[in-house]
Amino acid sequence: MRLRFAPSPTGPLHIGGVRTALYNYLLAKKHGGTFILRIEDTDQTRYVPGAEDYIVEALRWCGIMPTEGPGIGGKHGPYRQSERKDRYAQYAHQLVESGYAYFAFDSEDELQALQERAMATNQTRLIRTEGKNSLTLSAEEVAKRRASGENVVIRFLAPSDETIIIEDLIKGTVRFDSNTLDDKVLLKADGMPTYHMANIVDDHQMEITHVIRGEEWLPSTALHSLLYRYLGWEQPQFAHLPLILKPSPNAFLNKRNIEHFGEKFSQEFAKKAEGEVDAKKVQNLMIQYLRDFKNLSATLKLRDKDSNLQKDIKSFLKDALFGKLSKRDGARLGFPVFPLLWEGNGTEDAFAGFRETGFEPWAMLNFLAFLGWNPGTEQELFSQDELVEAFSLERIGKSGARFDFEKGRWFNQQYVMRMDNREIAKRLLPLVEAKGYAASEDFLTDFAGLMKERVTFFPEFLESAAYFFEPVNAYDEVTIQKRYKTENKPHFDAISEQLSELATFDTAQIESTIKGYIETNELSFGAIFPMLRIALSGTTKGPDLFGMAALLGKEEVLNRLKKAYATFDAIKNEVIS
RNA sequence: GGCCCCUUCGUCUAUCGGCUAGGACGCCAGGUUUUCAUCCUGGAAAGAGGGGUUCGAUUCCCCUAGGGGCUGCCA
């Protein structure tokens, strides 16, 4: 079994691509097959420097590295299509010779006119019958045009009156009427193949047995199947994955934020619109539509009585709110749609990454795996090995799955909570150093034990518990004003005193000391605990008070208590005066 | 416009003709707890509509509607 992931280096690899790579990887791994990376860079105009490196780095971070690919090696290389350029032309010409393809010489303008007319009149063969090509021109003319080196492409000659049947491993039997197929370009004027040609040749030569790819390829699979047949090659098995869709609008739209989104969308609309637009009017209309967020798709339906502006706005909102998950959605909705940060050129082209957000790679993959697949059991958390074992194509669903970032958060939280404390400590070390803090691995291990149930993403360890690494710089004044009583000051001093006398400053000792003091003096926990907590951390939120104190250490605790009580009085006095 | 795919709670989904329609995220309520979080218990929440087939349809078929994709010398 040989499977390939074949992205195009036109930008960062997005999350849908990662899922496709994952499914390919899982299936290969499960059946002892080979997982191959192939770079589909046949469009020189869309090549983006750094994109290929990004793809490889992303796969590496995810832990789903191919065993054949560019920079990796393998017997079926090279693995960049630009480096296999020579291989494609001969097959395109072979198809011409065997009558399954033809030369075409149409100019860009002619072609566009033909395509528009074809669409308007539902004809699929206009380019063939009315264009300039080796079917309509004389042999001399064709020879002359080919010799002159003018704009020549090779087009597929779609057959008539055939039914093409694809047995898709996910979608089942899919039928196409060959009369609805148009004559796709196979070999471009620059000598490069199109995706269709390159993909067939490479999959054949690389002995790919299973093509697992996004559903957007399903319509062109009829063409691919025909190409295999006409070239006399056995075709691989196909499996077309359901798409990952944008989050449901009513998952993030609510009464409070429609103004915000109205403003955001109207700015985007203005940027896209040509000519002047009445910004205020656009924004108001958008908000009006958005207000009906519970049945937006009905609201956004175009009506005859709508003005052109209304229609434009509705179309814009429909594109922005429905359909395939796109790179823009991340910035719009505040979550990453790429595995790694992509810096690009300027802010418009920069995108956040799951890695930088603090995701564990396998948590992200576990989350992505469930977007379109499920094991049929109630298990949701899978180790890498378990997922390889459980995965199968049969359990991939047919319908598109909406991206739900909240669920993604939950997956990561589960991973963090289950992670070994020392493992967390090791991962925290570089983050700690980057912040300029000093902490040992042992300290961080205990710290992880205290904090991991309170954290969703790694950076939060340091953000929500910075007080373990630096002095408390702000106290929760509201709570102090409410709960702190100056007359309890002697008690706090006495607690400090008792703590200072502890020989072993551990969680149990600290707990029994403080609790013992409260009980013997008939105080309430509520009068003491919150104040101690604020004294040590500045906030009422946080891990177990005694564990926190133990980790901080006796000296630090006594210092913090001393400093805090002085400040508490000042805060309390401020309020009174 | 044409072609193709899809349709169970807000979201991800289970169900392969017998269903009081199950689970998870999120939400709400309660409990445990020194706070927060975790954890536990409970709750609201779904089979797009219409026809068939069948003793029986969420499950099979058809139509309609809705959603999605493709329709590029992009992949």
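Per chain, numbering begins at 1; letters A, B, ... match sequence-line order.
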field: Nearest-angstrom distance, P atom, B/rG49 to B/rU41
entry: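 My reading of the P atoms in B/rG49 and B/rU41 gives 34 Å.
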
field: Euclidean distance for C1', B/rA65 against B/rG72 (whole angstrom)
entry: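 Pairwise C1' distance, B/rA65 against B/rG72, rounds to 31 Å.
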
message: What's the closest nucleotide to the side chain of A/D182 if the choices are B/rG72, B/rG2, B/rG26?
response: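 Among B/rG72, B/rG2, B/rG26, the one nearest the side chain of A/D182 is B/rG72.
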
- prompt: When you measure from the side chain of A/R454, which nucleotide among B/rA75, B/rG1, B/rU35 comes out closest?
  reply: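 Minimum distance to the A/R454 side chain belongs to B/rU35.
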
Categorize [X] for me: base, sugar-phosphate, or nothing, with a 4.0 angstrom heavy-atom threshold over every strand shown.
| X | value |
| --- | --- |
| A/T10 | nothing |
| A/S464 | nothing |
| A/K452 | nothing |
| A/M451 | nothing |
| A/F322 | sugar-phosphate |

Is the phosphate of [N] approached by [X] (side-chain N or O, under 4.0 Å from OP1 or OP2)?
| X | N | result |
| --- | --- | --- |
| A/K184 | B/rC73 | no |
| A/Q379 | B/rA24 | no |
| A/K246 | B/rG67 | no |
| A/K541 | B/rU35 | no |
| A/T124 | B/rU71 | no |

task: With sequence neighbours excluded, tell me which residues meet ring-ring contact (aromatic ring centres under 6.0 Å, His included) with A/Y195.
output: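 Testing A/Y195 for ring-ring contact (aromatic ring centres under 6.0 Å, His included), a comparison that skips the adjacent residues, returns A/W217, A/H224.
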
task: Can you sort out the partners of A/R128 under salt bridge (charged side-chain N to carboxylate O under 4.0 Å, His left out), two or more places apart, ordered by chain and number?
output: A/D183

- request: State the pairing partner of B/rA29; accept Watson-Crick or G-U wobble contacts with both distances under 3.5 Å, and report none otherwise.
  value: B/rU41

Any N/O pairs under 3.5 Å between the protein and nucleotides 19-22 of chain B? List them or say none.
none

query: Within 45° of the six-membered ring axis of A/F103 and under 6.0 Å from that ring's centre, is NZ or CZ of A/R146 located there?
result: yes

query: Which residues within residues 194-201 of chain A lie with some heavy atom under 4.0 Å of an atom in RNA chain B?
result: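 RNA chain B contact set from residues 194-201 of chain A: A/T194, A/Y195.
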
message: Taking atom types as they are modelled, would you say the side chain of A/N151 forms a donor-acceptor pair with the base of B/rC73 within the 3.5 Å cutoff?
response: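 Such a pair is found, so the answer is yes.
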
Would you list the protein and nucleotides 11-13 of chain B atom pairs, both N or O, that sit under 3.5 Å from each other?
| unit_1 | atom_1 | unit_2 | atom_2 | d |
| --- | --- | --- | --- | --- |
| B/rC12 | OP1 | A/R402 | N | 3.0 |
| B/rC12 | O2' | A/F370 | O | 2.9 |
| B/rU13 | OP1 | A/G372 | N | 3.0 |
| B/rU13 | O3' | A/N374 | ND2 | 2.9 |

query: Looking just at side-chain N and O atoms, do A/D476 and A/T539 make a donor-acceptor pair shorter than 3.5 Å?
result: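 Checked: A/D476/A/T539 side chains show no N/O donor-acceptor pair below 3.5 Å.
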
Set out, line by line, the N/O atom pairs under 3.5 Å between protein and nucleotides 57-66 of chain B.
| unit_1 | atom_1 | unit_2 | atom_2 | d |
| --- | --- | --- | --- | --- |
| B/rG66 | OP1 | A/K301 | NZ | 2.9 |

field: A/R80 bridged to A/E52 by N-O distance under 4.0 Å
entry: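 Salt bridge present between A/R80 and A/E52.
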
query: Distance-only, no hydrogens or angles: does the A/T221 side chain make a donor-acceptor pair with backbone N or O of A/L218 under 3.5 Å?
result: yes

message: Let me spell it out: for each of A/Q115 and A/E511, pick the nucleotide of RNA chain B with the closest heavy atom. Which residue's pick is nearer the 5' end?
response: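 The residue whose closest nucleotide sits nearer the 5' end is A/E511.
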
